[in-house]
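Labels below follow one simple rule: chain letters A, B, ... track the order of the sequence lines, proteins then strands, and each chain is numbered from 1.
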Amino acid sequence: MELSLLDDIRQQNPVVLNISNFVTVQDVANGINAIGASPIMSEEIAETEEMVGISQAVALNLGAFSEPQVAHILKMGQTANALHKPVIIDPVAVGAVQYRKQVAEELMAQFQVDVIRGNAGEIAALADIAWEAKGIDAGSGSGDLVAIAQAAAQKHHCVVILSGETDIITDGQHVAKVFNGTPLFQLHVGSGDMLSSLVGAFCAVTTDYFEAAQTACLVFAAIGELVANKLEAEQPGTFSVRLMDGLHLTSTDEIQKIARFEVVDA
Amino acid sequence: MELSLLDDIRQQNPVVLNISNFVTVQDVANGINAIGASPIMSEEIAETEEMVGISQAVALNLGAFSEPQVAHILKMGQTANALHKPVIIDPVAVGAVQYRKQVAEELMAQFQVDVIRGNAGEIAALADIAWEAKGIDAGSGSGDLVAIAQAAAQKHHCVVILSGETDIITDGQHVAKVFNGTPLFQLHVGSGDMLSSLVGAFCAVTTDYFEAAQTACLVFAAIGELVANKLEAEQPGTFSVRLMDGLHLTSTDEIQKIARFEVVDA
Amino acid sequence: MELSLLDDIRQQNPVVLNISNFVTVQDVANGINAIGASPIMSEEIAETEEMVGISQAVALNLGAFSEPQVAHILKMGQTANALHKPVIIDPVAVGAVQYRKQVAEELMAQFQVDVIRGNAGEIAALADIAWEAKGIDAGSGSGDLVAIAQAAAQKHHCVVILSGETDIITDGQHVAKVFNGTPLFQLHVGSGDMLSSLVGAFCAVTTDYFEAAQTACLVFAAIGELVANKLEAEQPGTFSVRLMDGLHLTSTDEIQKIARFEVVDA
């Protein structure tokens with residue numbers, strides 16, 4: 001873990017370009033802004049090259065896409081590859097909806113992704129491992145989550161984040177686990193999408209995307225935990241507001257103090 | 001009223017599929033989540049059958065639609081009919097915009113709706129009764145609101161919710177009225193859209209949609225009232241945040257204590 | 001400055017029609033609602049004439065547009081001209097993305113805008129003055145901001161608002177400056193878009209758009225400052241919630257007490 005990356009984001013203020021899920025887009029933009037980066041969103045394929053050119057990372061959310069957006073995502077990913085910008089994908093609901101899995105795999109066959117972030121159901125689907133996903137939720141399954149994440153990472157030649165009570169981050173061999181967090185993340189729809197775009201902000205300030213992915217998970221989970229600890233009850237609305245405050249105000253020292261994680265060699 | 005339906009939602013966690021109004025979609029998704037159901041949104045017609053298949057109710061919001069969305073809404077409604085999933089429609093601004101009324105009626109001629117939820121201006125339009133609607137607001141009109149709701153229900157062969165200071169719910173003959181609520185609902189744009197999707201959550205756990213519609217109205221209005229009672233002033237921002245907290249935390253007992261409603265036989 | 005315009009909005013409750021940026025649309029709708037006007041959004045070109053007809057002002061946000069939206073924006077602007085409704089444009093990121101500048105200028109060549117609101121990077125671009133914009137942010141440049149705003153106003157024959165630490169408002173000759181505000185506006189992505197649509201609400205209640213633009217800036221900046229003054233830290237999430245409260249609750253007297261501005265003749 002390299003918590004100094006958070007300070008780097010706040011100093012460098014990198015531009016993170018997003019194809020976003022219209023469900024959660026405002027929260028994602030505000031989260032990127034709050035942590036110290038600069039969000040930009042696009043819906044028009046004609047501006048792809050310029051947009052990628054002015055950005056330091058590209059986060060592609062596959063939630064609620066339409067056909068024109070799929071073409072846009074494809075061009076965005078290919079352009080990011082050509083311009084050597086990191087690409088993060090959030091494969092929303094690919095575990096529950098076969099159509100989405102198919103589109104996601106077709107896309108990933110045509111450009112190289114650097115980080116995939118999803119829940120157990122989504123990552124299992126991308127690793128071709130059986131799992132009972134439920135809509136946008138992780139659902140339930142047996143099976144070793146670390147092995148699932150590693151299989152997905154090996155298949156797609158990238159870093160994989162499997163979000164859950166414990167976040168599992170792997171480059172296919174090495175594994176990091178983040179134990180911080182709060183159940184309130186599950187009660188706020190934008191949390192996963194926000195983390196995916198924050199991973200973009202971390203990838204914008206280092207070329208070690210495995211390190212970036214781990215640190216993003218730790219920072220997000222620890223800030224969520226700190227915010228949740230101060231609530232008087234399980235308040236999803238208040239949590240989402242104070243999470244934004246926390247993303248802006250929480251220092252690396254405060255995160256360090258409560259950080260619970262392990263990094264395991266392969 | 002069957003307040004135990006709220007407990008059923010929280011236990012069964014049904015998936016509510018939404019074609020949503022892009023203006024309010026994040027709030028609607030979070031509201032569904034907060035009350036204990038699982039939201040999913042779609043923008044792509046190719047995934048309609050799968051999406052309806054994994055869902056227990058379908059909520060179709062006609063606010064701010066574009067032509068491709070109309071085709072999507074049509075297929076969603078027809079598929080829901082074929083798979084026997086309840087269909088809820090929110091006919092945003094059909095009272096103020098003739099084009100929207102025409103599209104809404106064409107859609108409803110091609111599939112069967114189970115519940116319509118709108119304000120007085122919207123329901124009057126769908127009952128072909130004169131009314132001065134104003135944009136997305138109810139506007140003003142004379143005329144017996146109960147008779148208007150009944151006429152709309154009879155015309156469209158479904159349950160109708162006419163939202164307002166008093167909510168009127170009818171199957172065309174029987175009538176229920178919910179007197180709980182707060183003016184703050186009108187100051188938060190997403191309130192009506194959220195209620196429409198929450199009606200979907202209630203329809204997902206019973207086959208008695210008249211009962212589901214009444215109970216959804218009571219639960220939403222009572223939680224809003226409880227939240228508003230604790231505010232120090234008429235604060236629309238704070239209200240919207242605490243409403244989300246309240247949807248998650250409020251028990252059926254707390255609702256029972258302040259419930260004010262009547263159910264009248266035809 | 002004519003603070004009584006705020007009271008006029010609250011009494012007349014004008015309908016403000018928006019083509020909105022999907023990133024910030026819910027916040028914008030709620031902001032219009034909170035200040036006392038009535039928001040309506042549209043995504044379908046077929047309803048343009050009806051929609052403009054029922055509205056008292058039209059706010060066109062050029063953030064994150066797609067090609068179909070550009071056609072829609074064009075028809076909306078031309079229809080507003082034909083029906084003599086005020087037109088406000090927010091040219092998001094035209095300073096950073098050449099494609100957006102080109103589209104914005106093509107649009108503005110085909111209908112007459114009454115007010116343009118943007119940050120320094122965006123207004124400099126529309127005045128053809130060199131500036132280093134950064135994504136959606138103002139970026140940095142040398143050059144006299146008043147002269148830049150005046151050049152943009154003269155080129156486009158309209159009122160220009162250049163938002164920043166000091167807001168500069170000009171009709172091309174006369175200049176007003178608003179010194180109120182808070183850095184928290186920059187930490188909340190929807191702030192600029194919201195102000196643009198609120199300018200629409202002010203233009204809906206007077207034919208003096210220069211006066212409307214100044215007053216909108218003063219009201220928004222002063223309410224933001226009042227809200228920020230009560231925060232215990234730089235909390236962007238809490239700020240955005242209380243800003244909504246403040247838009248609804250703040251009186252003209254409270255604004256008058258902290259108002260800091262100057263109006264300079266040409």
Side-chain angles (χ1 to χ4, degrees), chain B residues 20-30 43 62-70 92-104 121 132-140 183-194 231-244, chain C residues 12-56 64 66 68-69 71-72 188 190 223 227 237-251:
Chain B
S20 28
N21 183 340
F22 75 107
V23 181
T24 58
V25 57
Q26 181 157 10
D27 240 37
V28 169
N30 277 315
E43 282 213 310
L62 305 187
F65 50 65
S66 59
E67 262 187 45
Q69 280 176 304
V70 172
V92 180
V94 294
V97 185
Q98 190 60 29
Y99 172 78
R100 292 200 179 182
K101 183 188 171 186
Q102 183 192 322
V103 173
E132 283 300 316
K134 179 180 178 184
I136 60 169
D137 299 322
S140 56
L184 276 154
F185 279 129
Q186 306 244 10
L187 283 168
H188 183 61
V189 175
S191 302
D193 295 351
M194 197 187 298
L231 295 180
E232 62 211 47
E234 202 173 54
Q235 300 162 296
T238 303
F239 174 73
S240 73
V241 173
R242 299 218 186 135
L243 178 62
M244 222 55 94
Chain C
Q12 297 175 31
N13 187 232
V15 174
V16 180
L17 172 61
N18 300 269
I19 295 231
S20 28
N21 184 339
F22 74 108
V23 181
T24 58
V25 57
Q26 181 158 11
D27 241 36
V28 169
N30 276 315
I32 293 171
N33 218 19
I35 208 156
S38 177
I40 195 160
M41 275 65 184
S42 174
E43 281 213 309
E44 173 49 54
I45 195 167
E47 64 185 6
T48 304
E49 289 195 9
E50 265 197 278
M51 280 285 184
V52 175
I54 63 170
S55 304
Q56 278 77 55
S66 59
Q69 280 176 303
H72 192 187
H188 182 61
I223 292 176
V227 167
T238 303
F239 174 72
S240 74
V241 173
R242 299 219 186 134
L243 179 61
M244 222 55 93
D245 296 345
L247 289 171
H248 179 62
L249 291 169
T250 310
S251 67

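- Heavy-atom pairs under 4.5 Å with chain B peak, among C:Ile54, C:Ile45, C:Val15, at C:Ile54.
- Residue with the most contacts toward chain B among C:Ala29, C:Ser240, C:Ser20: C:Ala29 (heavy-atom pairs, distance under 4.5 Å).
- Checked against ring-ring contact (aromatic ring centres under 6.0 Å, His included), B:Phe239 has the following partners two or more places apart in sequence or in another chain: B:Phe185.
- Here the closest non-hydrogen pair linking C:Met244 and B:Pro236 is O-CG, 3.7 Å.
- In this structure, the side chain of B:Glu234 does not engage the main chain of C:Leu249 through any donor-acceptor pair within 3.5 Å.
- C:Glu49 CD: 12 or fewer foreign heavy atoms inside a 6.0 Å radius.
- Most heavy-atom pairs under 4.5 Å with chain B, from the set C:Ile40, C:Asp27, C:Asn33: that is C:Asn33.
- C:Pro68 does not touch chain B: none of its heavy atoms, backbone or side chain, sits under 4.5 Å away.
- Listed for the C:Glu50 side chain is a donor-acceptor partner under 3.5 Å among the backbone atoms of B:Tyr99.
- Heavy-atom distances place both the backbone and the side chain of C:Asn13 under 4.5 Å from chain B.
- Residues B:His188 and C:Gln26 meet the side-chain proximity criterion, which asks for heavy atoms closer than 4.5 Å.
- Judged by distance alone, with hydrogens and angles left aside, the side-chain atoms of C:Asn30 form no donor-acceptor pair with the main-chain N or O of B:Gly237 at under 3.5 Å.
- Atoms OG1 and NE2, on B:Thr238 and C:His248 in that order, are 11.5 Å from each other to the nearest 0.5 Å.
- Atom CD of B:Gln102 and atom CD of C:Glu47 lie 11.5 Å apart (nearest 0.5 Å).
- Looking at B:Val241, only its side chain comes within 4.5 Å of chain C, counting heavy atoms on both sides.
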